[in-house]
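Inspection log for the structure reproduced underneath, given as structure tokens.
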Number of protein chains: 2
Amino acid sequence: MKFDRQEALHQATDLFWAKGFHATSMRTIQQAMDMRPGSIYASFGSKEALFKQALQYYAANSQARLAACVEQSDSPLAGLKRFISEVVMGCDQAPSSMCMLVKSITELTEDNVELLLEAKRLLNGMEQAFAEVLAQAQAQQQLSGDVDSTRLARYLQMQLMGLRAYVRANSDAKEHLESLIDDVFNGFITT
Amino acid sequence: MKFDRQEALHQATDLFWAKGFHATSMRTIQQAMDMRPGSIYASFGSKEALFKQALQYYAANSQARLAACVEQSDSPLAGLKRFISEVVMGCDQAPSSMCMLVKSITELTEDNVELLLEAKRLLNGMEQAFAEVLAQAQAQQQLSGDVDSTRLARYLQMQLMGLRAYVRANSDAKEHLESLIDDVFNGFITT
DNA sequence: ACTGGATTTGAACGATCGTTCAAGCCATAA
DNA sequence: TTATGGCTTGAACGATCGTTCAAATCCAGT
């Protein structure tokens with residue numbers, strides 16, 4: 001049976017996502033991957049390199065899910081809202097209610113500049129993906145075209161960060177969740 | 001010269017705030033405090049206990065600053081906006097652009113339940129403080145009284161989390177900052 | 001000056017960290 | 001069957017982690 005690199009990376013990503021960079025030890029990762037240190041270092045290089053690849057794996061997954069949401073919905077805007085709901089409501093199964101990129105940017109310091117910059121870069125990619133969906137909505141007259149879509153995307157991203165952080169801090173506030181999502185979504189639509 | 005417990009705690013708080021719980025070693029703290037391990041453990045108990053006291057110190061400071069802002073301003077609402085601006089704009093001197101409580105809640109897991117719960121508790125305290133200021137504003141007819149002030153406070157806290165996280169992730173976006181603050185503030189006022 | 005209790009010191013502990021590498025294993029080719 | 005080359009293994013490394021504690025130091029009261 002061949003070694004499944006993708007699956008191993010998936011396990012590592014979930015662990016890093018749940019516990020963060022510093023609190024996740026290589027020994028825990030070895031256990032989750034069912035691999036011995038030598039193999040891991042041969043495949044991924046180092047803990048930092050592995051984390052970087054985990055970030056990229058996570059970001060690629062997120063963008064794919066956004067694209068899937070848009071495709072499965074009737075309109076770009078509906079797809080966007082579906083994505084937001086999916087992300088915020090489905091946080092029970094996820095390793096963390098928060099975005100792994102935001103968590104990483106929150107945790108990392110100048111001691112790991114490369115990782116910090118990579119996380120920022122990938123998060124900017126997400127913002128651009130949002131902007132593209134919003135531009136689509138504008139092209140289809142679903143959204144007023146007199147506001148810069150990148151500005152809307154920025155506002156949306158900020159709101160989404162706040163939403164997911166709030167859920168993390170107040171996990172029992174699931175009741176208010178749908179209304180909060182609506183507030184966020186409507187708030188930024190009418191901006 | 002007597003040992004200044006408050007000053008020592010202040011140094012520790014700044015370190016924890018900047019680097020988080022796991023990435024801050026006791027040796028770094030010893031250096032920042034200019035104290036030897038024995039003295040620290042005699043005064044504060046353990047790393048966890050020290051961090052808990054740092055959280056409390058930080059939260060008390062934050063509430064005091066909010067109160068000061070309200071007092072120095074002409075109205076509760078103006079005080080609130082001043083506080084938000086102060087917090088978001090003045091993040092250059094601060095150890096981190098993000099709230100230490102939010103950072104902690106983001107970083108900590110079930111491996112340190114007590115710290116996690118304490119951070120959540122203190123953050124709820126902040127939210128309540130917001131609610132009180134908003135209730136004041138309602139009492140002075142500065143804000144419509146037909147919306148629950150605790151609901152407004154919740155929304156404000158979510159927005160503030162998003163704002164500070166966004167600034168952290170996109171530190172070069174200081175240009176859009178004032179407009180973002182306005183958006184946040186106005187957005188939640190008209191809700 | 002002397003004493004006794006409180007405080008400060010810093011070496012050292014065991015545990016765990018990220019990482020390495022010689023030795024063992026296994027599939028393929030001759 | 002044997003030789004070869006790459007992959008896997010897990011013990012072990014030095015560094016650092018949080019923490020302890022006996023010894024040194026300090027200072028108030030006599």
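No hydrogens, no waters, no symmetry mates; every other heavy atom, side chains included, goes into these values. Letters A, B, ... are given to chains in the order of the sequence lines, protein chains preceding strands, and every chain is numbered from 1.
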Please check this pair: side chain of [X] against backbone of [Y], looking for a donor-acceptor N/O pair closer than 3.5 Å.
| X | Y | answer |
| --- | --- | --- |
| B/Q157 | B/N124 | no |
| A/Y58 | A/M100 | yes |
| B/K103 | B/F21 | no |

Note to self: Within residues 105-116 of chain A, which residues have any heavy atom lying less than 4.0 Å from an atom of DNA chain C?
What the structure shows: none

Next item on the list: Not counting sequence neighbours, which residues clear salt bridge (Lys or Arg N to Asp or Glu O under 4.0 Å) with B/D146? List them please.
Entry: none

What's the spacing between [X] [atom1] and [Y] [atom2] if we round to 0.5 Å?
| X | Y | atom1 | atom2 | value |
| --- | --- | --- | --- | --- |
| A/S46 | A/I40 | OG | CD1 | 11.5 Å |
| B/S149 | B/L156 | OG | CG | 11.5 Å |
| B/E114 | B/K52 | CD | NZ | 3.5 Å |

Please state how far atom [atom1] in [X] lies from atom [atom2] in [N], giving the value in whole angstrom units.
| X | N | atom1 | atom2 | answer |
| --- | --- | --- | --- | --- |
| B/I29 | D/dT19 | CD1 | C1' | 13 Å |
| A/M26 | C/dT20 | CE | C1' | 12 Å |
| B/Y41 | D/dT19 | OH | P | 3 Å |

Checklist line | Set of residues satisfying side chain to side chain donor-acceptor pair (under 3.5 Å) with respect to A/R5, sequence neighbours excluded | finding: A/Q53

Note to self: Can you list everything that forms a side chain to side chain donor-acceptor pair (under 3.5 Å) with A/Q72? Sequence neighbours excluded, please.
What the structure shows: A/R82

Check: How would nucleotides 5-16 of chain D be written as a contact map, 5' to 3', with B for base contact, S for sugar-phosphate-only contact and - for no contact, using protein heavy atoms under 4.0 Å?
Finding: ---SBBBB----

Item checked: Contact residues, residues 12-24 of chain A to DNA chain D [heavy atom, < 4.0 Å] -> none

Check: When you look at B/Q11 and B/E7, which way does the side-chain hydrogen bond (donor to acceptor under 3.5 Å, both in side chains) test go after all the steps?
Finding: CA-CA 6 Å; B/Q11 299 296 336; B/E7 176 58 21; 2.5 Å; yes

Check: Just checking A/Q30: base, sugar-phosphate only, or nothing, at a heavy-atom cut-off of under 4.0 Å?
Finding: base

